[in-house]
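Below is one structure, written out as structure tokens; comments come after it.
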Amino acid sequence: MDKIEDELEMATVCYRPEGLEQLEAQTNFSKRELQVLYRGFKNECPSGVVNEDTFKQIYSQFFPHGDASMYAHYLFNAFDAAQSGSVKFEDFVAALSILLRGTIHEKLRWTFNLYDLNKDGYINKEEMMDIVKAIYDMMGKYTYPVLKDDAPKQHVDLFFQKMDKNKDGVVTLDEFIDSCQEDDNIMRSLQLFENVM
């Protein structure tokens, strides 16, 4: 079955990215870095595009003790900005550029977009709960051996208590950015991305 899918992916018209000069202008990467990233991308995805299943397979390798499929699904949707069902090299590099080298504001906007599952401009409790559950599943029971079943709900309740400033049941982008910038723990976790590259 995998063989057929691989051939299908190869048969998909091989996709070539926009010029590196254009990508260099649009991202925070040098031409040399883009070449290295492209080589790695093409190595994992010879057709030049990644569908959700391939994305999940690649992503799940980083979390062998948990089930990363749901979180990978949400992440894929955030990378697939055009909602086309596939991630091209440009999509991948644009997201990476923000996560690794973007301003705090850009990173927070990107993260908000990840959590805003239905793309209505708000994060509600259900969306937050879905993401938090997916993160707990991904980290696996080895990471959190003594977690009670209601741990994700407690996490979300605390999040909403902190972020939903006007108590209307949803978190806006402004509320999200303001709350995150007031919280040292959140700001430190965003800084971790910057240390990767």
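Computation of the quantities below employed the complete heavy-atom set of this structure, encompassing side-chain atoms and omitting hydrogens, waters and symmetry-equivalent molecules.
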_Evaluation steps, side chain to side chain contact (heavy atoms under 4.5 Å, CB included), between Leu23 and Phe29_ = CA-CA 8 Å; Leu23 281 176; Phe29 294 119; over 6 Å; no

*Could I get the full list of salt bridge (charged side-chain N to carboxylate O under 4.0 Å, His left out) partners for Asp157, not counting sequence neighbours?*
Lys125, Lys153

*Hey, could you give me the CZ/OG distance between Phe76 and Ser86, rounded to the nearest 0.5 Å?*
6.0 Å

_Determine whether Leu158 and Gln161 satisfy the following criterion, side chain to side chain contact (heavy atoms under 4.5 Å, CB included), listing intermediate values before the conclusion._
CA-CA 5 Å; Leu158 193 66; Gln161 205 175 347; 4.0 Å; yes

_Would you say that Val50 contacts Lys88 through its side chain, given a criterion of any heavy-atom pair below 4.5 Å between the two side chains?_
no

*Full working for ring-ring contact (aromatic ring centres under 6.0 Å, His included) between Tyr115 and Trp110*: CA-CA 9 Å; Tyr115 282 55; Trp110 196 91; 9.7 Å; no

_As an exercise, state the distance from OG1 of Thr111 to CG of Leu99, rounded to the nearest 0.5 Å._
6.5 Å

_Criterion salt bridge (charged side-chain N to carboxylate O under 4.0 Å, His left out) on Asp183 and Lys162, from CA distance to verdict_ = CA-CA 9 Å; Asp183 188 316; Lys162 205 180 285 185; 2.9 Å; yes

*Can you name the closest pair of heavy atoms from Val170 and Tyr122 and give their distance?*
CG2-CD2, 3.6 Å

_As a quick check of understanding, evaluate salt bridge (charged side-chain N to carboxylate O under 4.0 Å, His left out) for Lys119 and Glu127, giving each step before the final call._
CA-CA 10 Å; Lys119 307 295 176 231; Glu127 289 171 316; over 6 Å; no

*Look up atom CD1 in Ile98 and atom OG1 in Thr103, then write down how far apart they are to the nearest 0.5 Å.*
8.5 Å

*Answer yes or no: is there a donor N or O on one side and an acceptor on the other, between the side chain of Ser179 and the main chain of Phe176, under 3.5 Å?*
no

_To the nearest 0.5 Å, what is the distance between CD1 on Ile131 and OH on Tyr71?_
6.5 Å

*Would Asp130 and Leu117 satisfy side chain to side chain contact (heavy atoms under 4.5 Å, CB included), going step by step from the backbone distance to the final call?*
CA-CA 9 Å; Asp130 289 346; Leu117 299 179; 3.9 Å; yes

